[in-house]
Amino acid sequence: MDENEKTLALFTTRMRQMILRFQEMKKERESLYAELEERDAQLNTLQGKLTQAHHDYDSLKMARMIEVSDGDLEGAQKRIAKLIREVNKCITLLSEK
């Protein structure tokens, strides 16, 4: 083999190696994108659950605030009156805008 044929053979070998490496990288990229989509789906699910948990917690807090027991009727009335005042303040602030 003369020098040109050796150079051409080396070039061909390197090109084949580069093509194989490109195909490996392409598969790895696809795999990473699939993993990323799966993680995004998990994240969205967990964010939905967190939002629901916050809503449930707020609902329970509100229910606890207005819970009326036999011995605490006066306290419950005060809490409800306080809530009404807060709502009225909010309505006033919103109507001013």
Side-chain angles (χ1 to χ4, degrees):
M1 268 189 188
D2 66 352
E3 191 65 32
N4 286 338
E5 289 176 354
K6 288 181 183 179
T7 305
L8 185 59
L10 180 63
F11 178 75
T12 304
T13 303
R14 303 284 176 169
M15 283 300 293
R16 285 185 182 144
Q17 289 173 345
M18 206 163 63
I19 290 171
L20 289 173
R21 181 71 179 139
F22 171 75
Q23 290 172 345
E24 290 172 6
M25 297 297 287
K26 190 176 177 182
K27 287 179 184 176
E28 183 180 354
R29 179 178 170 255
E30 290 171 0
S31 171
L32 290 172
Y33 272 117
E35 186 178 333
L36 182 62
E37 287 178 10
E38 182 181 329
R39 297 278 169 96
D40 284 344
Q42 287 176 348
L43 179 64
N44 288 337
T45 301
L46 291 174
Q47 283 177 335
K49 287 181 180 180
L50 179 62
T51 301
Q52 183 63 39
H54 279 296
H55 177 69
D56 292 346
Y57 175 73
D58 290 341
S59 296
L60 287 172
K61 255 183 18 181
M62 183 65 69
R64 178 71 178 137
M65 286 177 67
I66 60 174
E67 180 181 295
V68 178
S69 64
D70 292 335
D72 196 24
L73 184 59
E74 186 177 324
Q77 288 174 341
K78 287 180 182 178
R79 285 193 301 263
I80 291 173
K82 181 181 176 187
L83 289 173
I84 292 171
R85 283 193 303 275
E86 288 179 14
V87 169
N88 286 338
K89 285 179 189 177
C90 291
I91 292 170
T92 304
L93 289 173
L94 289 173
S95 64
E96 290 175 359
K97 291 182 180 183

Which donor-acceptor pairs under 3.5 Å do side chains of residues 46-55 form with protein atoms, sequence neighbours excluded?
unit_1	atom_1	unit_2	atom_2	d
Thr51	OG1	Gln47	O	2.9
Gln52	NE2	Asp56	OD1	2.9

Please report, to 0.1 Å, the donor-acceptor pairs under 3.5 Å made by any side chain of residues 30-45, with sequence neighbours excluded.
unit_1	atom_1	unit_2	atom_2	d
Glu35	OE2	Arg39	NH2	3.4
Asn44	ND2	Asp40	O	3.4
Thr45	OG1	Ala41	O	2.9

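Scored by the salt bridge (charged side-chain N to carboxylate O under 4.0 Å, His left out) test, Lys82 finds no partners at all (sequence neighbours excluded). The side-chain contact (heavy atoms from CB on, under 4.5 Å) search around Arg16 returns Thr12, not counting sequence neighbours. The salt bridge (charged side-chain N to carboxylate O under 4.0 Å, His left out) test applied to Arg85 returns no partner, not counting sequence neighbours. A search for side-chain contact (heavy atoms from CB on, under 4.5 Å) contacts involving Met18 returns Met15, not counting sequence neighbours.
Between the CG atom in Asn88 and the CG atom in Leu83 there is a gap of 11.0 Å [rounded to 0.5 Å]. To the nearest 0.5 Å, atom CD of residue Gln23 and atom CE of residue Met25 are 13.0 Å apart. Atom OG1 of Thr13 sits about 6.5 Å away from atom CD of Gln17, to the nearest 0.5 Å.
A salt bridge links Glu24 and Arg21; the closest N-O separation between the charged side-chain nitrogens and carboxylate oxygens is under 4.0 Å.
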Exercise for the section: Show your reasoning for whether side chain to side chain contact (heavy atoms under 4.5 Å, CB included) applies to Thr92 and Lys89. Expected result: CA-CA 5 Å; Thr92 304; Lys89 285 179 189 177; 5.6 Å; no

